[in-house]
Each structure stands twice: as C-alpha cells, then as structure tokens.
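Shown next, in structure tokens, is the structure this report addresses.
Note that these values count all heavy atoms, side chains included, but never hydrogens, waters or copies made by symmetry. A note on names: the letters A, B, ... follow the listed sequences, proteins ahead of strands, and every chain is numbered from 1.
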Number of protein chains: 2
Amino acid sequence: MARGKIQLKRIENPVHRQVTFCKRRTGLLKKAKELSVLCDAEIGVVIFSPQGKLFELAAKGTMDGIIDKYMKCTGGGRGSSSAIFTAQEQLQPPNLVCLSSP
Amino acid sequence: MARGKIQLKRIENPVHRQVTFCKRRTGLLKKAKELSVLCDAEIGVVIFSPQGKLFELAAKGTMDGIIDKYMKCTGGGRGSSSAIFTAQEQLQPPNLVCLSSP
DNA sequence: CTCTATAGATAACG
DNA sequence: CGTTATCTATAGAG
C-alpha cells in the first residue's frame, strides 16, 4: 500500500508480520467504527492474533448484545431478512451489488 | 473519500446512507479477510444493518468457534495475554502502539 | 452497474 | 515511534 505493493498471502517475516498486523488491525477497527457511525449499524469485530491475543470492537451496543442478536438470527433464524454468508462467496468475484436508487 | 471529504457523523440522506453502507461493508469485509490472510489471524465480523439485516464474516475457522473462543477469553478470561477494549479508548487518541522489534 | 478522481490507509523509511 | 511516498478504497458522476 505504500512504498511497496502487498501480496495477498501470509507474510513470512515474523517481525514484518507483527508490524503489519498491528497497523492493519488498528485500521480495520477504525473502518468498522466509521461504518457503524456513518450508517447507524451495529457492528462487532473479534480478532485473535496468531499469539492468541484477543481484540474486540463493539460499536453501538455491547459485544454481548451483538452475539445474542446474532444467535437469534442464525440459531432460530427464520426471520425473512437475514443474509448469512462466509465472504468466500461474497468477496472473491469482483462483483459489487449496490443500490443506486430505491 | 473520493470526490468529497467525509464527515465523521451519521449520514442523513437515507439513499446515500444505503449506498455508502453497501460499499463500506464490502470494503470492511475485504479488509478483514486480508488481515486474517496476511497475518494468519482468526477474525470474526458481525454487522447489523439499520434495517436489521445480518452480515457475517468468519475468517480462519467458523463464527461459532470464534465466539466460543471469545467467550472463554472474556468469561473465564484469566489468561495473561488478553486485551479487551471497546475501541472508544483505543482509537480516539491519535496514538498508535506498535512493536517494531520483538 | 461501471468509471474516475481523490481522500484515506499504510509499507518502508528516518 | 513519527514521516512520506504510494497504493487502495470509495464518493460522486455517467
């Protein structure tokens, strides 16, 4: 992203990987919070570093409440407007689906 | 971020907010997956749109496993290397804490 | 939806 | 650990 392009694969150098993890984790949490503020969405993020360290972000509400809501949507999720996906399907094709007008 | 600067507040126009939500949600999930791949981290993201729609991303493992691991780290979290924060504390000061060398 | 210019994120450097 | 050059994400237009 900066002085050099990134590879879409695991960083091998342990030191470099640690630095990148720290920076990107910060950026990801920032982005998550921005999305929740801009669009009034409830967002929860959980990150486990390779060293087993846990990082959590709960925007709008608590993580506990988000997990509870998530459980209801998946476990007993017979709600009509739920979209569960694992992102493998959603992100691999360069295909954005947006609504430009209602 | 592009033809105009963004405000760090809730978007009022419903249509504009919907479009932004869609674009940023896609970008956030992409970033999350990149982080998990680059740094070999286990990441779970849960997003509830204002309309109550649920979006989930589980990178490296299942969301169920991530939540389970999360519960153990918080509930019985007497582990020595756990960092729980709500991002309010972590992101507001322009203060990055990184390890340059181990 | 697709394209483009620009704001924002960040890899490498000091 | 702060700065800078670049790359990427994305707001706005077509």
- [ ] Check the pair A/I6, B/E34 against side-chain contact (heavy atoms from CB on, under 4.5 Å), reporting the backbone distance first and the verdict last.
- [x] CA-CA 10 Å; A/I6 58 166; B/E34 279 185 14; 4.2 Å; yes

Open item on the list: Can you measure A/L28 atom CG to C/dA9 atom C1' for me and round it to whole angstrom units?
Closed with: 12 Å

Task: Listed nucleotide nearest any side-chain atom of A/E34, set D/dA11, C/dT10, C/dA9 - done: C/dA9

TODO: Go through C/dA9, C/dT4, C/dA12 for me and flag the one nearest to the B/R3 side chain.
DONE: C/dT4

Open item on the list: Between C1' on D/dT8 and CD on A/Q7, what's the gap in Å once rounded to a whole number?
Closed with: 16 Å

Task: Interatomic distance where CG belongs to B/L29 and P belongs to D/dT8 [whole Å] - done: 19 Å

Task: Length of the CZ-C1' vector between A/R17 and C/dA11, whole Å - done: 16 Å

- [ ] Determine yes or no for a side-chain-to-main-chain donor-acceptor pair under 3.5 angstrom, with B/T20 supplying the side chain and B/R17 the backbone.
- [x] no

Open item on the list: Go through it in stages, so that I can follow the logic: the residues are B/K69 and A/V46, the test is side-chain contact (heavy atoms from CB on, under 4.5 Å), and I'd like the CA-CA distance, side-chain angles, deciding distance and then a yes or no.
Closed with: CA-CA 10 Å; B/K69 204 168 173 181; A/V46 177; over 6 Å; no

Task: Heavy-atom donor-acceptor pair, A/R24 side chain to B/L35 backbone, under 3.5 Å - done: no

TODO: Please confirm whether any donor atom in the side chain of A/K23 sits under 3.5 Å from an acceptor in the base of C/dA9, or the reverse.
DONE: no

Task: Euclidean distance, atom CG of residue A/L35 to atom P of C/dG8 [Å, nearest integer] - done: 16 Å

Open item on the list: Please determine whether a side-chain nitrogen or oxygen atom of B/T20 lies at a distance below 4.0 Å from atom OP1 or OP2 of D/dT10.
Closed with: no

TODO: Rounded to the nearest angstrom, tell me the gap between atom CG in A/L38 and atom P in C/dG8.
DONE: 11 Å

Open item on the list: Rounded to whole Å, how long is the line connecting atom CG of A/N13 with atom C1' of C/dA12?
Closed with: 13 Å

Open item on the list: Hydrophobic clusters here meaning ILVMFWY residues chained together by side-chain heavy-atom distances under 4.5 Å, can you tell me if A/L38 and A/V45 are in one?
Closed with: no

TODO: Report yes if a side-chain nitrogen or oxygen of B/K31 is closer than 4.0 Å to either non-bridging phosphate oxygen (OP1 or OP2) of C/dA9; otherwise report no.
DONE: no

Open item on the list: Whole angstroms only, please: what is the NZ-P distance between A/K33 and C/dG8?
Closed with: 17 Å

Open item on the list: Side-chain N or O of A/K5 versus OP1/OP2 of D/dT6: is the shortest distance under 4.0 Å?
Closed with: no

- [ ] Note the angle between the end axes of the helix from C/dC1-D/dG14 to C/dG14-D/dC1, five pairs defining each, rounded to 10 degrees.
- [x] 20°

TODO: Would you please test A/I47 and A/F21 for side-chain contact (heavy atoms from CB on, under 4.5 Å) and show each step?
DONE: CA-CA 11 Å; A/I47 304 177; A/F21 176 73; 3.8 Å; yes

Task: Candidates C/dA9, C/dA11, D/dT10 - which lies nearest the side chain of A/I6 - done: C/dA11

Task: Audit row: A/K60, B/F48, side-chain contact (heavy atoms from CB on, under 4.5 Å) steps and yes/no - done: CA-CA 10 Å; A/K60 204 170 178 291; B/F48 286 97; over 6 Å; no

